[in-house]
Amino acid sequence: MLRTHTCGELRLADASKQVTLCGWVQKTRDKGGMVWIDLRDRYGVTQLIFEEGSTAAEVLEIAKGTGREFVLKASGEVVERYAKNDKIPTGEIEIKVSELEILNEAKTPPFTIENETDGGEELRMKYRYLDLRREEVREKLMLRHKMLQETRSYLSGQSFMEVETPVLIKSTPEGARDFIVPSRVNKGEFYALPQSPQTFKQLLMVSGFDRYFQIVKCFRDEDLRADRQPEFTQIDCEMSFVTREDILEIFEGLTRHLFKAVIDTEVGEFVHMQYDDAIKYYGSDKPDVRFDMKFVELNDLAQNKGFNVFDQAELVVGICAKGCADWTRKQVDALTDFVKRPQIGAKGLVYVKCNADGTFKSSVDKFYSQEDLKAWADKMGAEAGDLILVLSGEADKTRKQLCELRLHMGDLLNLKDPKDFKPLWVLDFPLLEWDEESERYHAMHHPFTSPKLDEIPMLDTEPGKVKANAYDLVINGVEIGGGSIRIHDKETQALMFKHLGFSDEEAREQFGFLMDAFEYGAPPHGGIAFGFDRLCSLFGGSDSIRDFIAFPKNTSARDVMIESPSQIASEQLVELGIDLRVD
RNA sequence: GGAGUGGUAGUUCAGCUGGUUAGAAUGUCUGCCUGUCACGCAGAAGGUCGCGGGUUCGAAUCCCGUCCAUUCCGCCA
């Protein structure tokens, strides 16, 4: 080793030791007769000192010539400081340097390597290797490292076995768009990168590995978001001979363990909620239950009183904002503008102020008496001082709009404490989802999800109402993971494919291997997958997963550092038998 | 695919209802400074105002197009 210690470990107790440190120059403070250098590595910062008279002239000269991010090797004695710095752990000591070597010079970096960097997102991504020198980013990757270690240790301790599955697999029509990889050996044919190891983990169950897990990269060629990358990491799990309750229990256990071990947090009850209730009371399949403000439907009270907008609406529904009756006209107008933004798309917003004196003031006073409004308030549990906000229209859209408004109110009223974690299991998702574009049903989760067994007969009569034995883990409005009990027999699987509009031939071509496997003694099984990047960002208190990935891609799915994707040589195209079409 | 916001010094931004030589902070460089740690003081260098076109006597500023970044909608079993 070139060094005897790291830059983060020396303390007053080490005084008078001879040490050698290596690291990067964080800052040089040249005060003429004295020079200080803050030397930084992964572990911390230690101050080096050079003093005219007691430091050799040539050493002082080298010290004065160092720029930001030079790589140094410094040897000397640990001494107690005259002027201590209580802001850093090594602030009581400094190194009186007797030998100094420049291991490498550095160009001046394009942004400052500090927690409060002056660099913008774009620049930091281009020089990501410099960005990663910043403590703030390094800490996030350290959090991820701990999460990885704790996940492996917990699941391994529960007899889960980590098995790797292939990355070059087969393209399937269901779900997200695949990333495609051409095969040179099999010209004209293509692999796909896995959207998840779904079918492989089911095959592992057939093989008898009754508890499997893998921390695995998955790939989806869809548009990006702050919490979505084209390649992302899942904690992927599958178990045999289990019920839904077994799975919920074990992964509640994993989640609790991670909270405890990584950020020393005890989380409360994992509430169970029906999907239908999540939609009805929160307008979302991933409700944020850190705050209440549940939806209350007002059709029976608000309709047939002459207000045309409500009378013609499929749904009239509102929320009650506690203590907001004194909001100004301007504030309420801002809410109206919020819901009328094209992304939300509401036509308008009705409010009712529950005044302190027991009267009501609403934007629809023309149509509703004080008694009418009192009835609304009673149904909504609104008291004097509260503000009722009501939207109306087509049911699905209105619920979605009110969901956005509810979350917005949560922000405005500071009800979303990032240190407060409220886990929630959302249960019994619909099995199928009508797709307007292709005019057929799609599997809401995936085609291997088991329907609720007693509802299988409804597949023929009301397919849209059949529930799946599927579940999502939601924490603070973030979908952390999801899974299901799977189909494990050939007949049910064939029935599912039929309802998804697959012909027998298509089903056999795409998933014949799985249907074959189901004929050789497939155990009942089910599983779950956690979005690992999102879990990390949730633990780290961030909305973006990018900083928890060492080398992320930007919103155009590009890596601006290595400049990918990129064109390839025409020889490569020829070898692969690919002609590019120029549109 | 659609909508919003942004692109000006190495960097972060101001300037934008058109008008002399485009500013500030920070970083960089030079000099001074023996207890700094956001060191201080004095000075200097540093600009294709994203790119292309248009309007105008005159464009960083107005208009059109385009590229890039970012947020959201669609999409994401």
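Here is the naming used below: chain letters follow the sequence lines, and residue numbers restart at 1 for every chain. The figures that follow rest on heavy atoms only: side chains count, while hydrogens, waters and symmetry mates do not. Keep in mind the model is a prediction, meaning the values are calculated, not measured.
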Indicate whether OP1 or OP2 belonging to [N] is found under 4.0 Å from a side-chain N or O atom of [X].
| X | N | answer |
| --- | --- | --- |
| A:T117 | B:rU12 | no |
| A:K286 | B:rC76 | no |
| A:R546 | B:rU70 | yes |
| A:R220 | B:rC76 | no |

Would you jot down, in residue-number order, the residues of residues 221-237 of chain A having a non-hydrogen atom under 4.0 Å from RNA chain B?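 The stretch gives A:E222, A:D223, A:R225, A:A226, A:R228 as the residues lying under 4.0 Å from the strand, ordered by number.
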Under a 4.0 Å N-O cut-off, is there an ion pair linking [X] with [Y]?
| X | Y | value |
| --- | --- | --- |
| A:E231 | A:K553 | yes |
| A:D131 | A:R124 | yes |
| A:K416 | A:D411 | yes |
| A:R40 | A:E135 | no |

Round to a whole Å and report the spacing from [atom1] of [X] to [atom2] of [N].
| X | N | atom1 | atom2 | value |
| --- | --- | --- | --- | --- |
| A:E404 | B:rU71 | CD | P | 16 Å |
| A:R124 | B:rU70 | CZ | C1' | 13 Å |
| A:E116 | B:rC13 | CD | P | 13 Å |
| A:E563 | B:rC68 | CD | C1' | 13 Å |
| A:E122 | B:rG50 | CD | P | 13 Å |
| A:D38 | B:rU36 | CG | P | 14 Å |
| A:E121 | B:rC68 | CD | P | 17 Å |
| A:E114 | B:rU12 | CD | P | 14 Å |

Any side-chain donor paired with an acceptor under 3.5 Å for [X] and [Y]?
| X | Y | result |
| --- | --- | --- |
| A:D489 | A:T492 | yes |
| A:R486 | A:H446 | yes |
| A:R29 | A:Q47 | yes |

When we call it a touch if two heavy atoms are under 4.0 Å apart, what does [X] touch: a base, just sugar-phosphate, or nothing?
| X | value |
| --- | --- |
| A:Y82 | base |
| A:K107 | nothing |
| A:E94 | base |

What class does the angle between the rings of [X] and [Y] fall in, given that below 30° is parallel, 30 to 60° is tilted and above 60° is perpendicular?
| X | Y | answer |
| --- | --- | --- |
| A:F511 | A:F513 | tilted |
| A:F429 | A:Y275 | tilted |
| A:F497 | A:F502 | tilted |

Check whether the side chain of A:R81 and the base of B:rC37 form a donor-acceptor pair under 3.5 Å.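 Answer yes: a donor N or O sits under 3.5 Å from an acceptor.
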hbond_proxy A:Q343 side chain to B:rU71 base (donor-acceptor, 3.5 Å cutoff):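 Between B:rU71 and A:Q343, which were checked side chain against base, a qualifying N/O pair under 3.5 Å is absent.
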P atoms of B:rC13 and B:rU8, separation to the nearest Å: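 My reading of the P atoms in B:rC13 and B:rU8 gives 9 Å.
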Taking B:rC64 as the reference, what is the distance to B:rA22 when you measure between their C1' atoms (whole Å, please)?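 Nearest-Å result for B:rA22 against B:rC64 at atom C1': 25 Å.
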A:M34, nearest nucleotide to its side chain (from B:rU34, B:rU36, B:rC68):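 Among B:rU34, B:rU36, B:rC68, the one nearest the side chain of A:M34 is B:rU34.
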Counting primed atoms, P, OP1 and OP2 as sugar-phosphate and everything else as base, the B/S/- map of nucleotides 25-33 of chain B against protein heavy atoms under 4.0 Å is --SS----B
